[in-house]
Student: 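Take this structure, written in structure tokens, and hold onto it; I'll ask about it next.
Side chains are part of it too, since the values below use all heavy atoms of this structure and drop only hydrogens, waters and symmetry mates.
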Amino acid sequence: MSDSNTTGFTNPSTFILLGIPGLEAAHVWISIPFCTMYAIAILGNVTILFIVKRERSLHVPMYYFLCMLAVTDLVLCMSTLPKMLSIFWFNSREINFSACLTQMYIIYCVSVIESGIFVAMAVDRYVAICHPLRHSTILTNPVVAKIILAMVLRGGMVILPYPFLARQWPYCRTNIIPQPYCAHIAVVKLACADTRVSSYYGLFVLFCVLGLDAIFIALSYTQILRVIFSLPTKDARLKTFGTCGSHFCSILAFYIPGLFISLLNRFGQNVPLHFQVLIPNVYLFMPPMLNPVIYGVRTKQIRGRLLRLLTHKGA
């Protein structure tokens, strides 16, 4: 190993991303599912944005939030997967120090924004089901715009300490990151200083930001389910629950893997390194791939519009 990777630097000019440690020989094969997820995520989310833009009947709060969700998924994929694939295909492992911190910021900022969007979507479903007559007067376009802006600003401000703190640490051990992207904990572990403040802040974001979002969503759905089960007929209950089924599936696809990744990064010391890296990477990119599929399959308006586009082109 060269000296530049092991000793005596405060802020390295570059980091070295290893990809999947221990599975370097299989990088080309590992790239196939990631490339597939990337293609599905890009195509699916762009299709969602296109359909909502073209279909005026979808210009309502639920689909505005869905568009914001699609944008965040696109940003996440485009800020990480091209570099990952270049590592797998071309062994292009170097990443500039500032670019690494920028990538880290984007990944976690997008995650917090996406969590906030799920809260906003839960509020939309709560108002639509529990106060249907007031839905259009409560969630007006200006209100929706303010909610989206608030979620973006919250994500940007909450995650700002991540790169700020990471830039302050001296790095005198190594500049090798055993990941295919700049994960927060992986970067912080390289610092030769007391980085507990960074670790504690990461836990604060996990439990006090994302955790509170999850609690708020759970409370919203408790009220939604209370109203659904009070409906007089089974058909009415199923029809009403169907309006929030897609949202519920997307929530599960986001929060469960996210919690698993965060806990594994912090407490998975006895787990094989290639498993610590590979499985969270798969989980990280599952929601951007699944969200457009879930909404495309389960949402009648989007499914119908997509079928009309396909049959029109086919004709």
Student: What ring-ring contact (aromatic ring centres under 6.0 Å, His included) pairs are there with at least one residue in residues 214-235, not counting sequence neighbours?
Tutor: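 Qualifying pairs, neighbours excluded: Tyr221-His247, Tyr221-Phe248.
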
Student: Fit a plane to each ring of Tyr255 and Phe118, take the angle between them on a 0 to 90° scale, and name the class: parallel (under 30°), tilted (30 to 60°) or perpendicular (over 60°).
Tutor: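 Rings of Tyr255 and Phe118: tilted, as their planes differ by 30° to 60°.
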
Student: Rounded to the nearest 0.5 Å, how far apart are CD of Glu55 and CZ of Phe50?
Tutor: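 Reported value, rounded in 0.5 Å steps: 10.5 Å.
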
Student: Would you say the side-chain atoms of Gln223 pair up with the backbone N or O of Leu219, donor to acceptor, closer than 3.5 Å?
Tutor: no

Student: Would you please test Leu23 and Trp29 for side-chain contact (heavy atoms from CB on, under 4.5 Å) and show each step?
Tutor: CA-CA 10 Å; Leu23 297 177; Trp29 296 106; over 6 Å; no

Student: Are any non-hydrogen side-chain atoms of Asn291 and Ile48 less than 4.5 angstrom apart?
Tutor: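 Side chain of Asn291 against side chain of Ile48, heavy atoms only: no contact under 4.5 Å found.
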
Student: Where is the tightest heavy-atom contact between Met37 and Val282, given as atom of each residue plus distance?
Tutor: SD-O, 4.3 Å

Student: Taking side chain as C-beta onward, heavy atoms only, is Ile176 less than 4.5 Å from Arg93?
Tutor: no

Student: Give the cluster check for Val197 versus Tyr201: same hydrophobic cluster or not, with ILVMFWY residues linked at side-chain heavy-atom distances below 4.5 Å.
Tutor: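 Result: yes, single cluster for both.
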
Student: Indicate the atoms forming the closest heavy-atom contact of Ser220 with Tyr126, along with that distance.
Tutor: O-CD1, 4.2 Å

Student: Side chains of Tyr105 and Thr102: does their closest heavy-atom pair fall under 4.5 Å?
Tutor: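 They are not in contact (no side-chain heavy atoms under 4.5 Å apart), so the answer is no.
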
Student: State, yes or no, whether a side-chain contact exists between Asn91 and Glu24 at a heavy-atom distance under 4.5 Å.
Tutor: no

Student: Answer yes if Val158 and Leu160 sit in the same cluster of Ile, Leu, Val, Met, Phe, Trp and Tyr residues linked by side chain heavy atoms under 4.5 Å apart, and no otherwise.
Tutor: yes

Student: To the nearest 0.5 Å, tell me how far Ile117 CD1 sits from Ile147 CD1.
Tutor: 9.0 Å

Student: Would you say Met157 ends up clustered with Val152 if hydrophobic residues are merged whenever their side chains have heavy atoms under 4.5 Å apart, either directly or through other cluster members?
Tutor: no

Student: List the steps, then state whether side-chain contact (heavy atoms from CB on, under 4.5 Å) holds for Cys67 with Lys53.
Tutor: CA-CA 9 Å; Cys67 285; Lys53 183 178 184 299; over 6 Å; no

Student: With rounding to the nearest 0.5 Å, note down the distance linking CG in Leu18 to CD in Gln179.
Tutor: 9.5 Å

Student: Does a side-chain heavy-atom distance below 4.5 Å link Tyr108 with Val205?
Tutor: no

Student: Are any side-chain N or O atoms of Ser115 and backbone N or O atoms of Val112, one a donor and one an acceptor, separated by less than 3.5 Å?
Tutor: no

Student: Any idea which heavy atoms bring Arg237 and Leu231 closest together, and the distance?
Tutor: NH1-O, 2.9 Å

Student: Run the side-chain contact (heavy atoms from CB on, under 4.5 Å) test on Met121 and Ile251 for me, step by step, so that the C-alpha distance in whole Å, both residues' side-chain angles and the decisive distance to 0.1 Å come before the verdict.
Tutor: CA-CA 10 Å; Met121 295 173 84; Ile251 288 171; over 6 Å; no

Student: Keeping Ser79 on the side-chain end and Leu76 on the backbone end, is there a donor-acceptor pair under 3.5 Å?
Tutor: yes

Student: If you measure from OH on Tyr162 to CG on Leu101, what distance do you get to the nearest 0.5 Å?
Tutor: 13.5 Å

Student: If we ignore hydrogens and angles and just use 3.5 Å, is the side chain of His27 paired with the main-chain N or O of Ile20 as donor and acceptor?
Tutor: yes

Student: Look at the side-chain heavy atoms of Ile, Leu, Val, Met, Phe, Trp and Tyr, link any pair under 4.5 Å apart, and say whether Leu17 and Phe90 land in one connected group.
Tutor: yes

Student: Answer yes or no: is there a side-chain heavy-atom contact under 4.5 Å between Leu190 and Trp169?
Tutor: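 Result no, sub-4.5 Å side-chain heavy-atom pair not found.
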
Student: Roughly how far, to the nearest 0.5 Å, is OH of Tyr295 from OG of Ser250?
Tutor: 4.0 Å

Student: Where is the tightest heavy-atom contact between Thr72 and Val110, given as atom of each residue plus distance?
Tutor: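 Closest heavy-atom pair between Thr72 and Val110: O-CG1, 3.3 Å.
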
Student: For the pair Ser92 and Lys83, evaluate side-chain contact (heavy atoms from CB on, under 4.5 Å) and give the outcome as yes or no after the intermediate values.
Tutor: CA-CA 8 Å; Ser92 176; Lys83 180 61 180 178; 3.5 Å; yes

Student: How are the rings of Phe34 and Phe88 set relative to one another: parallel (under 30°), tilted (30 to 60°) or perpendicular (over 60°)?
Tutor: tilted

Student: Answer with yes or no whether the hydrophobic clustering places Ile95 together with Met78; edges join I, L, V, M, F, W, Y residues whose side-chain heavy atoms lie under 4.5 Å apart.
Tutor: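 Yes, same cluster.
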
Student: Do you know which two heavy atoms are closest between Cys182 and Gln103, and how far apart they sit?
Tutor: N-OE1, 2.8 Å

Student: Atom CD in Glu114, atom CZ in Phe254: separation rounded to 0.5 Å?
Tutor: 5.0 Å

Student: On a heavy-atom basis, which atom in Ile224 and which in Ala122 lie closest, and how many Å separate them?
Tutor: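 Scanning both residues, the minimum pair turns out to be CD1-O, 4.2 Å.
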
Student: Quick check: do Val60 and His135 have side-chain heavy atoms less than 4.5 Å from each other?
Tutor: no

Student: Between Asp73 and Ala41, is there a donor-acceptor pair closer than 3.5 Å when you use the side chain of the first and the backbone of the second?
Tutor: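 Here the side-chain-to-backbone pair does not exist.
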
Student: Is there a side-chain contact between Asn175 and Thr14 (heavy atoms, below 4.5 Å)?
Tutor: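 Answer yes - side chains close enough.
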
Student: Check salt bridge (Lys or Arg N to Asp or Glu O under 4.0 Å) between Arg154 and all other residues, then give those that pass, not counting sequence neighbours.
Tutor: Asp213

